[in-house]
Amino acid sequence: MKVTLNNQAISRLLQQVAAALEVQQADRFRIIAYQRAAVAVEHATAEIKDWWDEGRLTDVPGIGKALATHLDELFRTGKVRHFASIFRGLPPAMFVFLDLSGVGAKTAYKLCKELGIKRATGALARLETAAKAGKVRQLEDFGEQSEKDLLQALAALKKPAKKRMRLVFADQLAQKIINYLARNPAVLKIDPLGSLRRQTATVGDIDIAVATQKPQTVIKNFVSFPGTKKILIQGSKTARIVLATGQQVDLKTQSPDAYGALLQHFTGSKQHNIHLREIAQKKGWSLSEYGLKREAGTKKFADEKSLYQALGMPWIPPELREDTGEIEASLKHQLPKLIQLNDIKGDLHLHSDFKFKTSHDLGESPMDSMVKKAREIGYEYLGFSEHNPSTTNTQKQMIKIIRRKKETIDKLNYSMNKNTQKQIKILNGLEIDIKTNGQLAVSDEALKLLDYAIASVHAHFQMSPKAMTARLLAGLNHPKVKILGHPTGRQIGTREGYEADWEKIFSFCRQRDIWLEINAWPERLDLPDFLVREAVKNGVKLIINSDSHALSQLDLLPYGVAVARRGWAQPKDIINTLPWSALSVRLKPMKGGESTK
DNA sequence: GCCGTTTTCGGCCCGACTGTTTTCAGTCG
């Protein structure tokens, strides 16, 4: 059987080996090694097969000499003899059962053995029949409750997996709950936790931490949050509710003197925490959500900073806590000084309601209102980059439209700046489709009227990576094009980004001083964080834009900043941290492909 | 099986919860 060897498939295979070893009561740490490798592969930012192509499998943390040899065999022949010998004698059905919540390797094996289920095909249906007939409760170590749990897990598996929330949605929901709780005087400190605090593009559940001396007061307040549909847990220190809209919200309380350890622990990530605990252990301590434990007792921490300091390193920003080198960097005092929202000096991707027959959606708000808002934010410049006119317009009509827009913006530059000290530069941009053949949807003559252009892909995403790379590079090959808009085209939850040879694109952009956009639009957040990090490593400049189609959307920029931070970006990597005086130089078309750096 | 600012050998993360138990194994985050 031909199986695609993507990371998910490889991770699953390694998990299965770990489960098989567990049943065989192999060395505990050998099992953990396979589990860790499985997680590492699952979380890898590129396809492991590509790493293998480049002969650097052992660069993946958790993959050593032995596993590299096995994976090499897997990629060459499609199977691994060593794994096959580990699987020998075990019922294939047990690996199906691992997907059931509450069922691990031992339980899965026991169920297969006792119920006589061997084949993977139809295994779940057979298990369900047995459980419904009351046969599971009769098995040793099982009871009525575990049979019931099993049936529930079987039912849950049939339902589609719970969807993760987009970051913006989760953030705004959490803010509502935080504002509600913060009114309670018993709440001394309050913070979001987990992937929300780490600002990942999607968030599962919302977790909130509270420092308080009166946990009961806070918990009582929490479970009566308006919109609560069900209280799942109401304990002495924690609580869990489900909202009418379906989201699950956890609350964790801690006394102020130990709040730092709680915050750190539940912010994760899991891999980051494991790594920290290993470091604590080498120093003779044991790290947990309560603090650092020694024989003498537990040392508490009121804040995270002092906890990280006790472990011998400066505080690490939550966005970096994925165990992808941030702990090593912190130990060496080499953490990047991450970009912050107030470093941003302007926004070059705005869609106004300027009337014309456009190729895609128009904005909703008038230009002058957006300029006013930009000035309130404190921007030094902003650029209107509506979609290019529809190609059903004649070339003549197109040029007329763009000339009319240029004149409008010229007037606006005058009227908005005439009676004020605080000047704001308004730019005439355009977001232009890159057609499948790599051509821009606007003529050269029209391009001359612009201050700059954003080139983007808005249709025909299904292309081979090679063809897509050629398309993008051709689209960027014009002196007026300064930005590649939402570079991967992904739409979170609905559309994977297209694949392309990013190294080639990085190198082109670096040479030609073209900037990759970090689009802050909630469904996009594109470039994704892991590609931001690659771009930064490659010396490519980025620009964080809101892609606003309405006035209020200028406020979405912080989510783009979050993506940049997750990608280890510093102010120097982000072009719109430059003041207007410097940016204006960079916007001038380059001659002969030379770099201005 | 992995890994190295005390190690190429000898270590390897922590605690909560649950069910079926009379002290713990398995699972999970």
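In what follows, chains carry the letters A, B, and so on, assigned in the order in which the sequence lines appear, proteins first and then strands, with residues in each chain numbered from 1.
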Novice: Taking CD from A/Gln35 and C1' from B/dG1, how many angstroms apart are they, rounded to a whole number?
Specialist: 12 Å

Novice: Using a heavy-atom cut-off of 4.0 Å across all strands, would you classify A/Ile63 as base, sugar-phosphate, or nothing?
Specialist: sugar-phosphate

Novice: If we check side-chain hydrogen bond (donor to acceptor under 3.5 Å, both in side chains) with A/His272, which of these qualifies: A/Arg198, A/Glu326, A/Glu322?
Specialist: A/Glu326

Novice: B/dG1, B/dC14, B/dT20: which one has an atom nearest the side-chain heavy atoms of A/Tyr34?
Specialist: B/dG1

Novice: Closer than 4.0 Å, any side-chain N/O of A/His265 to the OP1 or OP2 of B/dG29?
Specialist: no

Novice: Output the rounded distance in Å from CG (A/Asp59) to P (B/dC2).
Specialist: 14 Å

Novice: Judged by each residue's nearest nucleotide on DNA chain B, which is more toward the 5′ side, A/Thr58 or A/Lys270?
Specialist: A/Thr58

Novice: Starting at atom CD of A/Glu328, determine the distance to atom P of B/dG4, rounded to an integer number of angstrom.
Specialist: 9 Å

Novice: Could you state the atom-to-atom distance from CG of A/Leu150 to P of B/dT18 in whole Å?
Specialist: 18 Å

Novice: In the structure shown, which nucleotide is the Watson-Crick or G-U wobble counterpart of B/dC14, with both distances under 3.5 Å?
Specialist: B/dG29

Novice: Quick one: label A/His82 by what it contacts on the DNA or RNA (base, sugar-phosphate, nothing), any heavy atom closer than 4.0 Å.
Specialist: sugar-phosphate

Novice: With a 4.0 Å cutoff (strictly under), does any side-chain N or O of A/Thr107 reach OP1 or OP2 of B/dT27?
Specialist: yes

Novice: Using the C1' atom on both, measure B/dT6 against B/dG11 and round to a whole Å.
Specialist: 13 Å

Novice: With C1' as the reference atom in both, quote the distance from B/dT20 to B/dA25 in angstrom, rounded to an integer.
Specialist: 10 Å

Novice: Between B/dT21 and B/dG26, how far is it from one P atom to the other, in whole Å?
Specialist: 14 Å

Novice: Of the candidate nucleotides B/dC2, B/dG26, B/dT20, which contains the atom at the shortest distance from the side chain of A/Lys106?
Specialist: B/dG26

Novice: Considering every strand and a 4.0 Å limit on heavy-atom distances, what is the contact class for A/Ala105: base, sugar-phosphate, or nothing?
Specialist: sugar-phosphate

Novice: Going from CD1 on A/Ile219 to NZ on A/Lys252, what distance comes out if it is rounded to the nearest 0.5 angstrom?
Specialist: 10.5 Å

Novice: Picking from B/dG1, B/dA16, B/dT7, which would you name as closest to the side chain of A/Ala33?
Specialist: B/dG1

Novice: Could you measure between the two C1' atoms, the one in B/dT7 and the one in B/dC2, and give it in whole Å?
Specialist: 13 Å

Novice: Using a heavy-atom cut-off of under 4.0 Å over every strand shown, decide if A/Glu144 touches base, sugar-phosphate, or nothing.
Specialist: sugar-phosphate

Novice: Working to the nearest 0.5 Å, report the span between CG of A/Leu335 and CD of A/Gln570.
Specialist: 10.0 Å

Novice: Work out how far the P atom of B/dC17 is from that of B/dT22, and round it to whole angstrom.
Specialist: 22 Å

Novice: Using the C1' atoms only, state how far B/dT23 lies from B/dG19, rounded to an integer number of Å.
Specialist: 13 Å

Novice: Expressed in angstrom and rounded to an integer, what is the separation of A/Lys293 atom NZ from B/dC14 atom P?
Specialist: 8 Å

Novice: What interatomic distance, in whole Å, is found between C1' of B/dG4 and the corresponding atom of B/dT8?
Specialist: 8 Å

Novice: Quickly work out the A/Arg28 CZ to B/dG26 C1' distance and round it to whole Å.
Specialist: 13 Å

Novice: If you compare every side-chain N and O of A/Lys282 against the phosphate oxygens of B/dT7 (OP1, OP2), does one of them come in below 4.0 Å?
Specialist: no

Novice: Toward the 5' end of DNA chain B, which comes first, A/Leu67 or A/Leu287, by nearest nucleotide?
Specialist: A/Leu67

Novice: Check the distance between B/dC14's P and A/Ile279's CD1 and give it to me in whole angstrom.
Specialist: 13 Å

Novice: Under 4.0 Å from OP1 or OP2 of B/dG11: is there any side-chain N or O of A/Gln281 that close?
Specialist: no

Novice: I'd like to know if the side chain of A/Trp51 pairs up with that of A/Asp59 as donor and acceptor (distance under 3.5 Å, no hydrogens or angles considered).
Specialist: no

Novice: Would one find a side-chain N or O of A/Ser101 under 4.0 angstrom from OP1 or OP2 of B/dT27?
Specialist: no

Novice: To the nearest angstrom, how far is A/His275 atom NE2 from B/dC2 atom C1'?
Specialist: 13 Å

Novice: State which residue, out of A/Arg490, A/Arg166, A/Arg495, fulfils the side-chain hydrogen bond (donor to acceptor under 3.5 Å, both in side chains) condition with A/Glu523.
Specialist: A/Arg166

Novice: Return the nearest nucleotide to the side chain of A/Lys332; candidates are B/dT5, B/dG1, B/dG19.
Specialist: B/dT5

Novice: Just to be sure I understand the rule, does A/Asn273 reach a base, reach only the sugar-phosphate, or reach nothing, if contact means heavy atoms closer than 4.0 Å?
Specialist: nothing

Novice: Quick one: pull up CZ in A/Phe83 and CZ in A/Arg81 and give me the separation to the nearest 0.5 Å.
Specialist: 12.0 Å

Novice: Please tell me which of the listed nucleotides, B/dG1, B/dG15, B/dT27, lies nearest to the side chain of A/Ser288?
Specialist: B/dG15

Novice: Quick check on the 6.0 Å ring-centre criterion: do A/Tyr109 and A/Phe97 meet it?
Specialist: no

Novice: Mind checking the P distance from B/dG15 to B/dG10? Whole angstroms is fine.
Specialist: 27 Å

Novice: Would you tell me whether A/Asn273 and A/Gln264 have side-chain atoms, one donor and one acceptor, within less than 3.5 Å of each other?
Specialist: yes

